[in-house]
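See below for the structure under consideration.
Both ligands and their constituent atoms are indexed starting at 1 by order of listing. Predicted model only: the values in this text are computed from it and were never measured. Keep in mind that the numbers below use all heavy atoms, side chains included, and drop hydrogens, waters and symmetry copies.
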Amino acid sequence: MTTQEIMNQGEEYFLHTYNRYPVVLDHGDGVYLYDTEGKKYLDFCAGIAVFALGYNQPALNEAVKNQVDKIVHTSNYFYNEPSVEAARKLCQASGLEKVFFCNSGTEAIEGAMKSALRYAYNRDGQPGHEIIAMKHSFHGRSLGALSLTGNAHYQDPFKPLISGIHFAEYNNLESVKALINEKTCAIVLEPVQGEGGIYPATEEFLKGIRALCDEHDILMIADEIQCGMGRTGVMFACQRYGVKPDIMTVAKALGCGLPVGAFVTNEKAAALAPGDHGSTYGGNPLVCAAASKVFDLYEELNVLENVKTVGAYLYEKLEALKQECPQIVDHRGIGLMQGLEFSVPVGDIIKKAQDAGLILINAGTNILRFVPPLVITKSDVDAMMEILSPIIHEL
Ligand SMILES: *Cc1c(COP(=O)(O)O)cnc(C)c1O
């Protein structure tokens with residue numbers, strides 16, 4: 001098919017839930033993507049914070065290929081070695097104790113919600129519990145995850161959603177306190193809000209949530225789906241402040257492109273029992289061979305160190321750009337998860353960048369989001385700035 005035919009047929013056969021860019025991607029290598037016309041793009045999107053190790057990573061590809069030739073699926077009636085290995089490495093990285101593998105971030109959130117409800121049901125001997133979530137959060141698109149997503153635009157057409165969910169102001173501990181009652185079973189938050197516009201939690205807020213949860217026997221759920229797996233320069237963003245949640249959700253970079261998510265709990269929150277939850281594909285040997293290898297490669301390639309160094313460099317460059325451009329009203333973020341907020345919509349900037357061979361995405365209408373592969377170098381940042389700078393100066 002020609003490029004145009006692929007796009008036409010996509011429009012003909014896909015349900016129109018995405019407005020796609022008129023680009024057909026063909027392959028990737030390192031931090032570069034190539035379309036079907038042979039055009040090369042420097043990628044600061046990474047498949048939405050997924051391709052932490054870049055494209056075509058030789059050791060990861062080999063691990064996946066080897067697993068394809070052994071067995072790709074077993075069902076959860078049986079054990080398989082890659083999923084056990086991946087679970088152990090995820091526990092070690094998170095400091096938590098029990099893993100449930102699923103296929104996406106949304107499902108990780110669903111499982112975390114069920115864990116919290118089950119925990120409180122065991123605690124009180126009756127159902128009817130409530131969860132506190134944050135305004136401007138994003139937790140996924142299923143009815144459960146959507147119920148936690150503090151965004152009227154996403155929620156309204158699908159109401160009524162799950163009852164008993166209350167929304168607090170992010171980084172405002174008093175607003176959380178005001179919502180706690182004896183029915184509250186969990187407080188869920190992203191340690192750095194992603195889709196909502198790249199807002200990092202303050203140390204005071206994260207520690208305050210932990211203390212509130214301890215005080216009231218409430219479970220703290222940290223959604224690390226976007227900000228976890230090294231994106232902020234530590235394995236999980238909560239660890240920046242030494243905070244350990246009771247339940248953590250992980251996905252996106254966990255499989256670096258293979259669809260795998262997980263929720264991880266401590267012993268206390270491990271309330272789900274046989275029959276309470278399941279997934280046919282969840283944690284199959286193919287995706288877990290990838291996840292397991294991802295953890296090894298983070299160590300071998302010193303990914304966290306790289307995020308710290310290159311993240312600081314990116315911060316400096318974007319900060320300088322902000323000084324030069326009055327339309328940039330804010331610059332936020334940590335490590336390789338940063339955002340530039342403009343006083344105008346960023347759609348045009350994204351389009352011009354794409355034409356010039358740079359892939360950037362937004363988070364909300366006015367915020368440019370930088371979530372590149374975690375293996376980018378300072379010279380990749382320079383190359384990005386060389387394309388972005390003139391576009392911004394022309395505004
Ligand atoms: C992407 C995302 C999700 C949803 O993950 P999917 O894999 O798209 O289901 C949930 N929470 C956060 C913080 C995310 O960034």
Side-chain angles (χ1 to χ4, degrees), residues 17-18 20 45-52 90 94 100-116 131 133-151 154-155 158 161-162 165 167 170-171 186-201 206 209 220-232 235-238 245 247-264 279 281-284 287 290-291 294 332-339 361-364 367 369-372 374:
T17 54
Y18 303 106
R20 290 181 163 85
C45 159
I48 319 185
V50 166
F51 275 94
L90 184 50
S94 64
F100 182 96
F101 283 119
C102 51
N103 313 291
S104 68
T106 299
E107 286 168 83
I109 290 288
E110 294 287 330
M113 291 173 82
K114 282 179 71 178
S115 296
I131 299 177
M134 302 299 144
K135 292 179 183 168
H136 308 297
S137 59
F138 183 84
H139 298 291
R141 306 294 199 145
S142 63
L143 291 172
L146 185 58
S147 300
L148 295 182
T149 293
N151 182 323
Y154 290 157
Q155 282 196 342
F158 305 104
L161 294 163
I162 291 180
I165 315 277
F167 291 94
Y170 195 71
N171 277 337
I187 300 173
V188 54
L189 82 164
E190 297 154 83
V192 183
Q193 286 191 328
E195 309 292 321
I198 316 291
Y199 289 96
L206 267 191
I209 295 283
M220 176 177 180
I221 302 174
D223 181 347
E224 294 262 5
I225 291 166
Q226 188 162 158
C227 60
M229 292 302 293
R231 188 145 291 279
T232 67
M235 206 56 191
F236 295 102
C238 275
I247 305 176
M248 183 186 280
T249 56
V250 190
K252 291 203 162 87
L254 176 60
C256 281
L258 276 285
V260 55
F263 63 93
V264 198
S279 166
Y281 279 135
N284 85 18
V287 298
V294 165
R332 299 183 289 270
I334 312 168
L336 290 173
M337 182 172 185
Q338 297 188 35
I361 50 172
N362 60 309
I367 299 160
R369 170 164 40 163
F370 301 80
V371 285
L374 304 184

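- Proximity of Arg141 to ligand 1, defined as any heavy-atom pair under 4.0 Å, is not found for any part of the residue.
- The shortest side-chain heavy-atom distance between Tyr281 and Phe101 does not fall under the 4.5 Å cut-off.
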Begin with the C-alpha distance, continue with both residues' side-chain angles, and end with the deciding distance and a verdict on side-chain contact (heavy atoms from CB on, under 4.5 Å) for Leu189 and Asp223.
CA-CA 6 Å; Leu189 82 164; Asp223 181 347; over 6 Å; no
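- Looking at ligand 1, you won't find any N or O of Glu107 less than 3.5 Å from one of its N or O atoms.
- Of all the atoms in ligand 1, the ones that sit under 4.0 Å from a non-hydrogen atom of Ser104 are 7 (O), 9 (O).
- Residues Met229 and Val250 form a side-chain contact, since some pair of their non-hydrogen atoms from C-beta on lies under 4.5 Å apart.
- Residue Asp223 places a heavy atom less than 4.0 Å from ligand 1.
- Two residues are said to be in side-chain contact when any heavy atoms from C-beta on lie closer than 4.5 Å; Met113 and Ile165 meet this criterion.
- Taking distance alone, with nitrogen or oxygen atoms compared against 3.5 Å, Phe138 approaches ligand 1 more closely than that limit.
- Residue Thr106 touches ligand 1 through backbone and side chain together, judged by heavy-atom distances below 4.0 Å.
- More than 12 heavy-atom neighbours from other residues, nucleotides or ligands sit within 6.0 angstrom of CZ on Phe167.
- Within a 6.0 Å radius of CD1 in Ile48, no more than 12 heavy atoms belonging to other residues, nucleotides or ligands are found.
- Residue, atom and distance of the protein heavy atom nearest to atom 15 (O) of ligand 1 are Lys252 NZ, 2.7 Å.
- Interface atoms of ligand 1 facing His139, defined by a heavy-atom separation under 4.0 Å, are 10 (C), 11 (N).
- Looking at Gly140 next to ligand 1, no N or O pair under 3.5 Å apart turns up.
- In this structure, a donor-acceptor pair under 3.5 Å is absent between the side chains of Gln193 and Gln226.
- Of all protein heavy atoms, the one lying nearest to atom 6 (P) of ligand 1 is Gly105 N, 3.5 Å.
- Short contacts between ligand 1 and Glu190, defined as distances under 4.0 Å to a heavy atom of the residue, involve ligand atoms 13 (C).
- Listed by number with element, the atoms of ligand 1 under 4.0 Å from a non-hydrogen atom of Gln226 are 15 (O).
- Using a 3.5 Å distance cut-off with no hydrogens or angles, the side chains of Thr149 and Gln155 do not pair a donor with an acceptor.
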